Amino acid sequence: MFISVSFLSLASLLLGASAQSPLQQNLTSLGVDAVFPTDPTYANVSQAYNKRFTVDPAAVAFPTNVQQVSEAIQAGVAQNMAVVARSGGHSYIANGLGGTNGSLIVDLSNLKAISVRSSNNTALIEMGNRLGDIALALNAAGRALPHGTCSYVGIGGHSGYGGFGFTSRAWGLTLDTIKSATVVLANGTIATASSTINPDLFWAIRGASPSFGIVTSIEVQTFPAPTSAIVFQYGWDSLNITAASDAIASFQEFAATNIPTEFGAELVFSRGPSSGQVAFGLTGAWYGAPAALNATVAPYLKTLPTPSSQTITPGSYINSVSFLAGQPLNTTTAPDGSDTFYQKSLMTPEGSPMSAAAIQAFVSYMAVQGFSSSTAWFIEVELYGGSNSAINKVPLDSTAFAKRDTLFTMQLYASSSNYEPPYPTAVGFKFLDDMVASIVDNSPADWSYGAYLNYADERLVNASTLYYGSHYPRLKALKTELDPKDTFRFPIGV
Ligand SMILES: Cc1cc2nc3c(=O)[nH]c(=O)nc-3n(C[C@H](O)[C@H](O)[C@H](O)COP(=O)(O)OP(=O)(O)OC[C@H]3O[C@@H](n4cnc5c(N)ncnc54)[C@H](O)[C@@H]3O)c2cc1C
Ligand SMILES: *[C@@H]1O[C@H](CO)[C@@H](O)[C@H](O)[C@H]1NC(C)=O
Ligand SMILES: *[C@@H]1O[C@H](CO)[C@@H](O)[C@H](O)[C@H]1NC(C)=O
Ligand SMILES: *[C@@H]1O[C@H](CO)[C@@H](O)[C@H](O)[C@H]1NC(C)=O
Ligand SMILES: *[C@@H]1O[C@H](CO)[C@@H](O)[C@H](O)[C@H]1NC(C)=O
Ligand SMILES: *[C@@H]1O[C@H](CO)[C@@H](O)[C@H](O)[C@H]1NC(C)=O
Ligand SMILES: *[C@@H]1O[C@H](CO)[C@@H](O)[C@H](O)[C@H]1NC(C)=O
Ligand SMILES: *[C@@H]1O[C@H](CO)[C@@H](O)[C@H](O)[C@H]1NC(C)=O
Ligand SMILES: *[C@@H]1O[C@H](CO)[C@@H](O)[C@H](O)[C@H]1NC(C)=O
Ligand SMILES: *[C@@H]1O[C@H](CO)[C@@H](O)[C@H](O)[C@H]1NC(C)=O
């Protein structure tokens, strides 16, 4: 036993030395820790959250500070490699692994500092942090940020492309809270970006950061944690096509009334008990005075049949974050999950809500094709707009985020039946392509809908227009200036 182990280590040492790639030599000489394809931990560190993807990066580097992030980028550039950042690794299309084979991954998990400054209510957050840990750290100081529900999502991708949660109607997207950032550019320069320093870069990283650099920290404006929060979940086990269509149409009408910004919500659809039926839910959170929730939601509930179930969970703000996550907020206490899925998104314009024909076609599709689909699917219709939404108050051209007139951001999500590979691509892709088409084909030819970069779809047709909208030409021009060799390249990038 002793002999064979020594023999093996000697052999791998010799092999390793002779097989050292130029990238490995570069990173080693710079003292940047990295995992290479021949290393035993490579399979683990290159595992995608979405197991529909198998991606083999050239290496996964684990810098311990901003200087090492710069050195890692320069090592990748010296080898003409694509370089991408990984924060939480929750990209739907494995873009935190480059999305295609052979990229250098700069994993930020060693950059985990969070400091909350009471002097001006900002927080400085390093980009290796996950949403759950950030919520805990801010809440300990009585503060909060708008962000999504899953604890394990990384702040890097989330704040680079958007960041929606039920507080967003009151506080905006995560990226709207950014006051300044430290960004490492393709040439290795460590830059500051704010409204006064490198303002073009500051604009670009709030909506398209992955294409422009590796953000190592952001300074954000925090909000007082609400004094209470109520999570509400109303469920209908079975609605027919007429009733479910009415539920969407009346939600559009309800959103146009004077609903308070302390009301955050989404509609959720999934497979019904028989063909022609869907399961339906209204889920959200209420951050206003507890006694006022019922009166706020009553005008919408009045338009629907009596719910089959209702769960009203009052408590503190951090309890609501934890309840909505449905998993530990402290991500060091349990391992991350995974899934095997395809997903598409659709952002509907507030000025041109879905027509009755589009709603009817969409609901029929879910109720009939959805009933017989072999995938495990759900659809979320998130309320971005409605009266006084903070998301839509931000002037369109003040950040790179493309859509400031969105009523709903819809997420159409279909997993393999057991959430494990292989993904049934032939039926899974067509199922969601046709579901989106049921809406778009029944909408005006010039309908100004879009798609959400945090709900990434590598197969999207017309991706640059749908993801980046009218900002695409300016982003292209800035890309040429800031990343002339296209070092930060990956599917659906600028
Ligand atoms: C379970 C789950 C729940 C979700 N819930 C929500 C939700 O409620 N609301 C919502 O808005 N979204 C939600 N999302 C989507 C999520 O916001 C995106 O998938 C997000 O991009 C993931 O960020 P990440 O850092 O974990 O991913 P990564 O895979 O690490 O990164 C995603 C992209 O950002 C780039 N990137 C990462 N870090 C940096 C950085 N520091 N600088 C520059 N570029 C960087 C990567 O290169 C990659 O292109 C959810 C996703 C999952 C899987
Ligand atoms: C990286 O490797 C290239 C050759 O492959 C070399 O020219 C360059 O000097 C190296 N850089 C560093 C920082 O080691
Ligand atoms: C796999 O890697 C992750 C970090 O990328 C680490 O947290 C986890 O412990 C590793 N698991 C194993 C089995 O090595
Ligand atoms: C990466 O290479 C592996 C092995 O050749 C292959 O199975 C996989 O599909 C490739 N991944 C991508 C995203 O092309
Ligand atoms: C907030 O205060 C910190 C120090 O307390 C300071 O470094 C930072 O620049 C301030 N930020 C803003 C936006 O004023
Ligand atoms: C998470 O738990 C670990 C281990 O118990 C602890 O050290 C850490 O401070 C916790 N993080 C947060 C954000 O509370
Ligand atoms: C559809 O459901 C509604 C509400 O439950 C009911 O009133 C209506 O009769 C149903 N329509 C059909 C065609 O079954
Ligand atoms: C709100 O309505 C629920 C039933 O839907 C009821 O249980 C609760 O007591 C009501 N709350 C208030 C404050 O009226
Ligand atoms: C793509 O966009 C162009 C121009 O906006 C449009 O003419 C074309 O129909 C679009 N194609 C699809 C499939 O949406
Ligand atoms: C790096 O790129 C930035 C942005 O284009 C530029 O301002 C800076 O001068 C460059 N630095 C070097 C050392 O070339």
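All heavy atoms count here, side chains included; hydrogens, waters and symmetry mates do not. Whatever order the structure lists them in is the order used to number ligands and atoms, beginning at 1. Since we're looking at a predicted model, the values are computed, not measured.
For atom 1 (C) of ligand 7, the closest non-hydrogen atom on the protein side is Asn240 ND2, 1.4 Å. Of the protein's non-hydrogen atoms, Thr54 O, 2.7 Å is the one closest to atom 11 (N) of ligand 4. Scanning all protein heavy atoms for the shortest distance to atom 6 (C) of ligand 4 gives Asn101 ND2, 4.2 Å. The single protein non-hydrogen atom nearest to atom 5 (O) of ligand 7 is Pro305 CG, 4.2 Å, given as residue, atom name and distance.
At a threshold of 4.0 Å, the pair Asp397-Arg474 does not count as salt-bridged, since none of the basic side-chain nitrogens sits closer than that to a carboxylate oxygen.
Below 3.5 Å of separation, one finds no N or O of Thr242 facing any N or O of ligand 7.
Set against the non-hydrogen atoms of Glu481, the atoms of ligand 10 under 4.0 Å away are 5 (O). Below 4.0 Å from some heavy atom of Asn187 lie the following atoms of ligand 10, by number and element: 1 (C), 2 (O), 3 (C), 8 (C), 10 (C), 11 (N), 12 (C), 14 (O). Residue Asp56 has at least one heavy-atom neighbour below 4.0 Å for each of these atoms of ligand 4: 1 (C), 2 (O), 3 (C), 4 (C). Counting the atoms of ligand 10 from 1 in the order shown, those under 4.0 Å from a heavy atom of Thr189 are 1 (C), 10 (C), 11 (N).
Between Tyr234 and Trp236, the two ring planes are tilted [angle within 30° to 60°]. Aromatic ring pairs are classed by plane angle as parallel below 30°, tilted from 30° to 60° and perpendicular above 60°; the pair Tyr92 and Tyr455 is parallel.
Counting non-hydrogen atoms of neighbouring residues, nucleotides and ligands closer than 6.0 angstrom, the NZ atom of Lys179 reaches no more than 12 such neighbours.
The closest side-chain heavy-atom distance from Arg130 to Ser151 is not below 4.5 Å.
In this structure, the ring of Phe341 has its center less than 6.0 angstrom from the ring center of Tyr413.
Ligand 4 lies within reach of Gly99, whose nearest heavy atom is under 4.0 Å from it.
Residues Lys344 and Tyr342 have side chains that bring a donor and an acceptor to within less than 3.5 angstrom of each other.
At least one donor-acceptor pair under 3.5 Å links the side chain of Arg271 to the backbone N or O of Phe371.
In this structure, atom 9 (O) of ligand 7 has its sub-4.0 angstrom surroundings free of protein heavy atoms.
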